[in-house]
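See below for the structure under consideration.
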2 protein chains.
Amino acid sequence: METLTVEQIAERIWLSIAERRLRPGMRLKEIELAEVFGVSRARVRQVLAMLERDGLVVIESNKGAVVAKPGVEDAKDIFHIRSAVEQRVLERLTGQLDAAKLVEMFEHVAKERIANNSNNQREIIKLSGGFHVMLAEMAEAEFLCGLMRDLVSRTSLITAAFRDSNKHNCGPDEHEEILLHLKNGDLGAAKKAMADHLEHVESELKLLQDRAPPKSLRDALV
Amino acid sequence: METLTVEQIAERIWLSIAERRLRPGMRLKEIELAEVFGVSRARVRQVLAMLERDGLVVIESNKGAVVAKPGVEDAKDIFHIRSAVEQRVLERLTGQLDAAKLVEMFEHVAKERIANNSNNQREIIKLSGGFHVMLAEMAEAEFLCGLMRDLVSRTSLITAAFRDSNKHNCGPDEHEEILLHLKNGDLGAAKKAMADHLEHVESELKLLQDRAPPKSLRDALV
DNA sequence: GCCATCATTATTGTTGACAATTATGTATAC
DNA sequence: GTATACATAATTGTCAACAATAATGATGGC
């Protein structure tokens with residue numbers, strides 16, 4: 001059996017959180033993770049540090065790591081900033097686009113569609129987040145790339161935390177629309193489509209925003 | 001002698017970069033750092049990982065860490081996103097402000113002024129960055145806080161990389177102006193002052209933006 | 001003299017054991 | 001019965017030795 005890399009383990013945990021198998025507040029003991037993934041504790045430690053920087057877990061000194069519970073206000077901030085970053089990515093993409101990149105992106109959306117049709121949750125989550133990261137990569141903007149990765153995982157956590165059904169995050173149709181505008185060189189339309197897309201994703205969460213914030217006692221009893 | 005924490009070491013290295021004692025491209029060998037700070041290599045490793053996530057160093061597998069060299073485009077992206085984040089912080093600050101917080105912030109600006117008058121470079125750097133982080137902390141927005149910390153260190157690196165004189169980053173006067181608008185409850189004016197402030201800082205870098213990008217050969221010979 | 005190949009050195013990556021800290025359970029006093 | 005103090009167990013934090021990898025310098029062939 002191959003030993004997993006730090007990134008692979010981090011992705012598996014991210015997926016577990018996004019799929020709501022790991023719920024906010026759950027403890028992540030180092031030894032357990034080390035046994036599950038068949039790696040040393042030191043490597044688990046690196047993974048947890050990485051997940052912390054992506055906002056998926058919070059680590060308290062001498063207490064260990066738990067899955068983060070984002071607040072409603074945090075969620076709003078994240079969507080707000082994400083919107084700004086996505087707009088910037090589209091701007092930077094202008095002029096950087098060639099045919100090869102376009103076909104690669106359309107292929108990606110095609111994969112998203114296949115995953116959607118076969119209702120493959122794990123692939124849906126990976127690909128729909130991957131689309132936005134790919135956009136940043138195409139722009140060849142290293143800083144935006146890292147930031148987008150961060151924002152996408154944080155968005156996954158929010159979706160997992162504030163949604164009771166686990167429907168797909170964002171559909172391939174809206175992604176494709178953005179691509180079509182980019183292909184036509186219509187930056188303004190692309191930006192508008194992106195804004196609408198994010199607005200759409202956020203709106204499905206808005207319903208839950210005014211529910212009572214769970215007290216530590218209550219959600220321990222759920 | 002007390003052993004330094006990870007954060008303390010990271011701050012010292014950050015300051016060295018901001019003060020241009022550590023220049024972009026310089027190697028950071030783990031053993032050297034361990035000896036300099038009198039800590040184990042494992043701890044240095046944590047520090048380097050932290051600095052990498054803040055964009056101050058880049059770590060290549062099996063090659064080690066070097067001080068990052070941000071490109072001009074990266075610099076523009078960072079200022080662009082930072083502007084959006086700062087605006088958001090000010091919005092979130094509305095209603096969260098009480099008298100205690102205000103005096104604390106005015107006191108901070110007073111310290112900045114003292115450092116400026118005595119021309120204490122290290123303090124100037126720490127405090128002028130700290131002002132913006134403090135604003136985010138006052139807003140009690142955890143996500144924005146972390147992001148602001150990240151952006152401030154990245155800005156320090158940019159300033160160090162694209163400026164030949166090491167004058168102060170941003171003066172206390174502009175900081176105080178923002179505070180005055182906040183005190184008066186005039187959010188619009190505060191946001192405008194903040195935008196002008198960032199624009200001002202960025203403009204001092206703009207002069208150098210169109211200089212030739214250094215080829216690896218050339219800047220090796222400098 | 002120049003280039004390729006190989007040995008040496010220096011540096012990073014990984015691991016397991018040990019120390020420090022926190023949580024849990026138990027007994028005792030009131 | 002409840003609460004406090006203590007002992008035990010579980011968990012995280014730290015370190016130093018070992019392995020793997022890449023940079024450096026030496027050697028031989030052409």
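None of the values given here were measured: they were computed from a predicted structure. To find a chain, count down the sequence lines: A is the first, B the second, and so on, and within it residues start at 1.
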5' priority, DNA chain C, between A:N62 and A:V39 [closest heavy atom]: A:V39
Would you say B:K63 reaches D:dT21's phosphate, i.e. side-chain N/O to OP1/OP2 under 4.0 Å? no
Please tell me which of the listed nucleotides, C:dT15, C:dG13, D:dC15, lies nearest to the side chain of B:R43? D:dC15
Heavy-atom side-chain proximity of A:N116 to A:P172 below 4.5 angstrom: yes
Between B:K29 and C:dT11, does any side-chain N or O lie under 4.0 Å from OP1 or OP2? yes
Record whether the side chain of A:R41 comes under 3.5 Å of the base of D:dG13 through a donor-acceptor pair of N or O atoms. yes
Electrostatic pair B:E137:B:R149 at N-O distance under 4.0 angstrom: yes
Could you tell me the separation between the CD atom of B:Q46 and the P atom of D:dT12, rounded to a whole number of Å? 15 Å
To the nearest angstrom, how far is B:E30 atom CD from D:dT21 atom P? 16 Å
By nearest heavy atom, map B:E32 and A:V6 onto DNA chain C; which one lands nearer the 5' end? B:E32
Taken to the nearest whole Å, CD1/A:I31 to P/D:dA9 is 15 Å
Can you check whether A:R45 has a side-chain N or O nearer than 4.0 Å to OP1 or OP2 of C:dT15? no
Residue B:R27, side-chain atoms from C-beta onward, closest of C:dT15, C:dT21, C:dT12: C:dT12
Assert yes or no for the condition that the ring centre distance of A:H175 to A:H108 is strictly below 6.0 Å. no
Atom CD1 of B:I59 to atom C1' of C:dT11: distance rounded to whole Å? 14 Å
Keeping the roles fixed (side chain from A:S83, backbone from A:F79), state whether a donor-acceptor pair exists under 3.5 Å. no
